[in-house]
Amino acid sequence: MFYEVTLSLIGGFVTTIELFVLTLVFALPLGLIISFGSMSRHSVLRVPIRFLIWIIRGTPLLLQLLVFYYGPGIILHTNIWGSGDEGRFMAALVAFVINYSCYFSEIYRGGIQSIPKGQYEAGEVLGLTKSQIFFKIVLLQVIKRIVPPISNEVITLVKDTSLARVIAVYEIIWSGQAFIKSAGIIWPLFYTGAFYLAFSGLLTVLFAAIEKKLEYFR
Amino acid sequence: MSLLSVENITKTFEDTEVLKGIGFEMNQGEVLSIIGSSGSGKTTLLRCLNFLESPDTGTISVNGQLLFDASDKGKMTEADIRRNRLHFGLVFQSFNLFPQYTALENVMLAPRLLAKEQGNLKDKEEEIRSQGEELLRQMGLSDRMTNYPHQLSGGQCQRVAIARALALKPDILCFDEPTSALDPELTGEVLRVIRELATKHTTMIIVTHEMLFARDVADHVIFMDGGVIVEQGLASDVIDNPQNERTKKFLSRY
């Protein structure tokens, strides 16, 4: 039985990890673009982006998953997600990417705005271009400051992936819960917990290493 | 011909007119000190010279070449401004060193990026490095080259900042209250290196509250109050024997 449960949970966990990794791959850079938009001098850009961030951060991710999955079909009468498991996974991924990039964008914005004006001015008087100032001077200082809040979000994401089951993405908790019905046993649920703990433990160690790596300057 | 010629600079922030028509000239190898109380506009003037602020009116010329003319600001591109900036160096009150780079890397960063842009970083790398090391040696920091800013004292940081500004060989090196953020015991070491630069005829504009230092090191002094130049002349004349009432009142506090 243990072997059977393990296999089934690993199957669910692969989906969990896929959703986790792909969300980060897209949301981390997209968040940077959104943060630039939210800091733009032009209100035509800034206002709608701040509005989007408010909507996304102000409503439950669970609700967003449902709206993203069912919305297009019901409102536009077209199934943009494709059919079956893959379609549901796509819908979940898009919802996660948009949700997390909004959270990341606010972390980036905080980090970028915390860099003293003097850093930019020192770069300017040395004749550096705006992009040289950002990439050679500001970026690493921003990264150092945002590692702790980003690690918080990333660990939250590990657990948030379980919400995807609401649109029937077969992630690990779905796999564990199946045994309650089929075999009348509860311990596979605790077993899923062990997967989450191990994975978030790994991430904690990873982020601690990154923080340590950036300790050489202040 | 004078090295720097500044004419009729005005600058208004919101409703406050900070500079009300500043004009002066200075020669190659000269040290000019700008004194005056806080809010007199001296820092804003320095920031205008370094293109951190854009004056509302006036012109700035170096070596007879018109660098800035407020009447056709619109035509200036970012590249123009960057090129113009290289005539000036600026040392800030709060150092503004880049924390993730060592002292030497702080000094080498801008020359390296410039060489990279011109496509000859490989040929110049050695030269840039030895020049950076030489500058830090001049600043008395031979044993601090690989230290990060947080490992240095305020006085050491400011000397790195001076070396960093010198690395681009500016025509005119500007100092914005270079010792105001330092403890009295660290002030001396920074003033010493500025004094040394003066003996080598480095053209400098120094905004400072150190009156004795200004009198000793500067050739000329400008006293500013309320956004105008109230009095200017030889350092010893202005500081020891001020003519204007406002200058007398200001100096009586020192």
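In the text below, chain A, chain B and the rest are named by the order of the sequence lines, each starting its count at 1.
Looking at A/Gln132, only its side chain comes within 4.5 Å of chain B, counting heavy atoms on both sides. With a 4.5 angstrom heavy-atom cutoff, B/Glu117 touches chain A only via side-chain atoms. In this structure, chain A has a heavy atom under 4.5 Å from the side chain of B/Tyr101, while its backbone stays farther away. For B/Leu97, the part sitting under 4.5 Å from any heavy atom of chain A is the backbone (N, CA, C, O) and nothing else. If you measure heavy-atom distances from B/Arg83 to chain A, you find no contacts under 4.5 Å at all.
Rounding to the nearest 0.5 angstrom, the gap separating the CZ atom in B/Phe98 from the CZ atom in A/Phe217 is 13.0 Å. How far NZ of A/Lys136 is from NZ of B/Lys116: 4.0 Å, rounded to the nearest 0.5 Å. From B/Gln100, atom CD reaches atom CG of A/Leu139 across 9.5 Å, with rounding to the nearest 0.5 Å.
Counting non-hydrogen atoms of other residues, nucleotides and ligands closer than 6.0 Å to CD of B/Gln118 gives a total above 12. Atom NZ of B/Lys73 sits in a crowded spot, with more than 12 heavy atoms from other residues, nucleotides or ligands closer than 6.0 Å. Within 6.0 Å of atom CZ in B/Arg137, more than 12 heavy atoms from other residues, nucleotides or ligands are found, so the atom counts as buried in its surroundings. In B/Lys200, the NZ atom is crowded: over 12 heavy atoms of neighbouring residues, nucleotides or ligands sit closer than 6.0 Å. Residue-environment remark: NE2 (B/His150) exceeds the threshold of 12 foreign heavy atoms within 6.0 Å. Atom CZ of A/Phe26 has 12 or fewer heavy atoms from other residues, nucleotides or ligands within 6.0 Å. In this structure, B/Phe13 places its CZ atom where more than 12 heavy-atom neighbours from other residues, nucleotides or ligands lie under 6.0 Å away.
Closest heavy-atom contact between B/Leu86 and A/Gly127: CD2-CA, 4.3 Å.
Using a 4.5 Å heavy-atom cutoff, the side chains of A/Gln119 and B/Pro99 are in contact. Residues A/Val125 and B/Phe92 meet the side-chain proximity criterion, which asks for heavy atoms closer than 4.5 Å.
Contact tally against chain A (heavy-atom pairs below 4.5 Å) for B/Leu90, B/Leu113, B/Asn50, B/Leu114: the top residue is B/Leu113. For the set A/Leu140, A/Thr129, A/Val138, the count of heavy-atom pairs under 4.5 angstrom toward chain B peaks at A/Thr129.
Salt bridge status for B/Arg82 with A/Glu124: absent, with no side-chain N to carboxylate O gap under 4.0 Å.
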